Amino acid sequence: SSIQQQSIAMARQNMMFRILGMTNFRTLAKNIIRDPAMLNYLDNDRNEKENPNENLGRELMELFTLGEGKYDEFTVKEAARALTGYSVNPLADFSFELKEQRQDTGNKTLFGRSGNFDGDALVDIILEQPAAAQFIAQKFWRNFVSETYTRKSEILVIANQFRISNYDLKTL
């Protein structure tokens with residue numbers, strides 16, 4: 001894709017963060033897995049059932065929702081399968097496109113649950129994991145409270161409230 005298309009995608013991503021950044025984390029995550037800039041950057045625009053690409057699924061869990069060590073390699077492979085077909089249409093102004101012919105519609109197993117999961121189901125199942133609210137609360141703590149001082153008991157209380165609120169970012 002051209003630099004101009006990529007810059008349009010980056011501008012749209014920036015706008016998405018501005019609009020959704022203080023709304024709901026679940027909504028934000030479901031938009032991220034459809035974001036053309038992210039799909040392009042993590043090669044998910046080439047993620048297809050015959051050759052699943054693990055980049056987006058791995059980064060979704062490692063950097064954005066759970067943290068290292070809270071998932072296994074099998075889960076990465078199943079997450080990649082859930083995200084197959086999430087792509088970009090360069091002919092339609094570099095917008096998101098679900099390419100159904102590339103989608104893996106078979107059953108996947110994620111954190112002990114099995115079903116024909118897609119990207120939205122993947123996000124929902126990840127956010128059911130207790131580690132998710134804790135990881136996100138810890139990230140916010142480090143960025144907005146203290147990089148050096150951590151009170152685990154307080155972070156757990158915050159994480160619990162965040163989870164109870166269905167991942168409302170203002171509550172966090």
Side-chain angles (χ1 to χ4, degrees), residues 10 12-39 41-42 44 47 52-86 96 98 103-172:
M10 289 299 301
R12 283 193 194 130
Q13 184 185 73
N14 185 287
M15 190 57 71
M16 177 190 59
F17 282 126
R18 288 171 180 265
I19 292 167
L20 299 177
M22 284 304 289
T23 60
N24 182 278
F25 187 83
R26 183 184 308 274
T27 303
L28 183 61
K30 288 180 180 182
N31 276 270
I32 280 290
I33 62 171
R34 289 173 173 78
D35 179 65
M38 188 68 71
L39 293 171
Y41 180 69
L42 292 175
N44 209 85
N47 185 3
N53 184 299
E54 299 175 3
N55 293 356
L56 180 59
R58 182 182 306 278
E59 300 304 345
L60 178 66
M61 291 186 286
E62 184 175 322
L63 299 178
F64 300 123
T65 58
L66 296 172
E68 284 185 73
K70 305 295 183 192
Y71 57 89
D72 57 22
E73 286 304 305
F74 175 78
T75 305
V76 171
K77 291 181 185 325
E78 296 292 273
R81 291 179 58 218
L83 292 164
T84 53
Y86 283 60
F96 171 75
L98 180 60
Q103 227 178 351
D104 183 336
T105 56
N107 276 354
K108 297 138 197 111
T109 302
L110 296 164
F111 299 98
R113 293 184 49 198
S114 292
N116 176 14
F117 301 131
D118 62 4
D120 284 348
L122 170 64
V123 168
D124 288 336
I125 292 168
I126 288 171
L127 294 181
E128 288 172 6
Q129 308 311 305
Q134 293 172 26
F135 178 76
I136 298 161
Q138 177 73 45
K139 266 191 178 243
F140 270 65
W141 180 281
R142 261 192 234 112
N143 283 289
F144 298 113
V145 179
S146 175
E147 290 181 21
T148 56
Y149 170 76
T150 303
R151 182 177 280 165
K152 181 100 170 125
S153 60
E154 215 169 315
I155 291 168
L156 288 174
V157 169
I158 293 166
N160 190 46
Q161 289 300 311
F162 183 43
R163 197 158 124 120
I164 288 169
S165 76
N166 190 29
Y167 290 89
D168 176 66
L169 289 162
K170 286 184 180 153
T171 299
L172 177 61

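Values in this document were obtained by computation on a predicted structure and should not be read as measured data.
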Got [X] and [Y] here, is their nearest side-chain heavy-atom distance under 4.5 Å?
X: Glu154; Y: Trp141; result: yes
X: Leu56; Y: Asn47; result: no
X: Arg142; Y: Gln138; result: yes
X: Arg81; Y: Phe117; result: no
X: Met38; Y: Ile33; result: no
X: Phe25; Y: Phe162; result: yes
X: Thr65; Y: Lys70; result: no
X: Tyr41; Y: Asn55; result: no

Which distance, rounded to the nearest 0.5 Å, do you find between the [atom1] of [X] and the [atom2] of [Y]?
X: Thr171; Y: Ile158; atom1: OG1; atom2: CD1; result: 12.0 Å
X: Ile136; Y: Tyr167; atom1: CD1; atom2: OH; result: 5.5 Å
X: Asn24; Y: Leu28; atom1: CG; atom2: CG; result: 8.5 Å
X: Leu66; Y: Leu127; atom1: CG; atom2: CG; result: 8.0 Å
X: Glu68; Y: Phe135; atom1: CD; atom2: CZ; result: 8.5 Å
X: Arg12; Y: Asn31; atom1: CZ; atom2: CG; result: 13.0 Å

Stepwise side chain to side chain contact (heavy atoms under 4.5 Å, CB included) test for Val76 and Tyr71: CA-CA 8 Å; Val76 171; Tyr71 57 89; 3.6 Å; yes
[X] (side chain) donor-acceptor with [Y] (main chain) under 3.5 angstrom:
X: Glu78; Y: Thr109; result: yes
X: Ser146; Y: Thr148; result: yes
X: Asn107; Y: Ser114; result: no
X: Lys139; Y: Leu63; result: yes
X: Glu147; Y: Asn143; result: no
X: Asn44; Y: Leu83; result: yes

Residue pair Glu128, Phe111: steps toward the side chain to side chain contact (heavy atoms under 4.5 Å, CB included) verdict: CA-CA 9 Å; Glu128 288 172 6; Phe111 299 98; over 6 Å; no
For Arg163, side chain to side chain donor-acceptor pair (under 3.5 Å) partners two or more places apart: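 Side chain to side chain donor-acceptor pair (under 3.5 Å) list for Arg163, sorted by chain: empty.
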Is it true that [X] and [Y] have a side-chain N and a carboxylate O under 4.0 angstrom from each other?
X: Lys30; Y: Asp124; value: yes
X: Glu62; Y: Arg58; value: no
X: Arg34; Y: Asp120; value: yes

Over all atoms of both residues, closest heavy-atom pair of Ala79 and Leu110: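 In this case the closest contact between Ala79 and Leu110 is N-CD2, 3.8 Å.
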Least distance between heavy atoms, Met61 atom then Ile126 atom: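 For Met61 versus Ile126, the nearest heavy atoms are CG-CD1, 3.6 Å.
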CA sep, side-chain torsions, deciding dist, call: Tyr86, Asp118, side chain to side chain contact (heavy atoms under 4.5 Å, CB included): CA-CA 9 Å; Tyr86 283 60; Asp118 62 4; 3.8 Å; yes
Side chain to side chain contact (heavy atoms under 4.5 Å, CB included) assessment of Lys170 paired with Thr23: CA-CA 7 Å; Lys170 286 184 180 153; Thr23 60; over 6 Å; no
Distance-only donor-acceptor check, side chains Asp168 and Ser165, under 3.5 Å: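 Checked: Asp168/Ser165 side chains show no N/O donor-acceptor pair below 3.5 Å.
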Of Gln134, Arg151, Gln161, the residue whose pairing with Leu156 passes side-chain contact (heavy atoms from CB on, under 4.5 Å):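 The single option meeting the side-chain contact (heavy atoms from CB on, under 4.5 Å) with Leu156 is Gln134.
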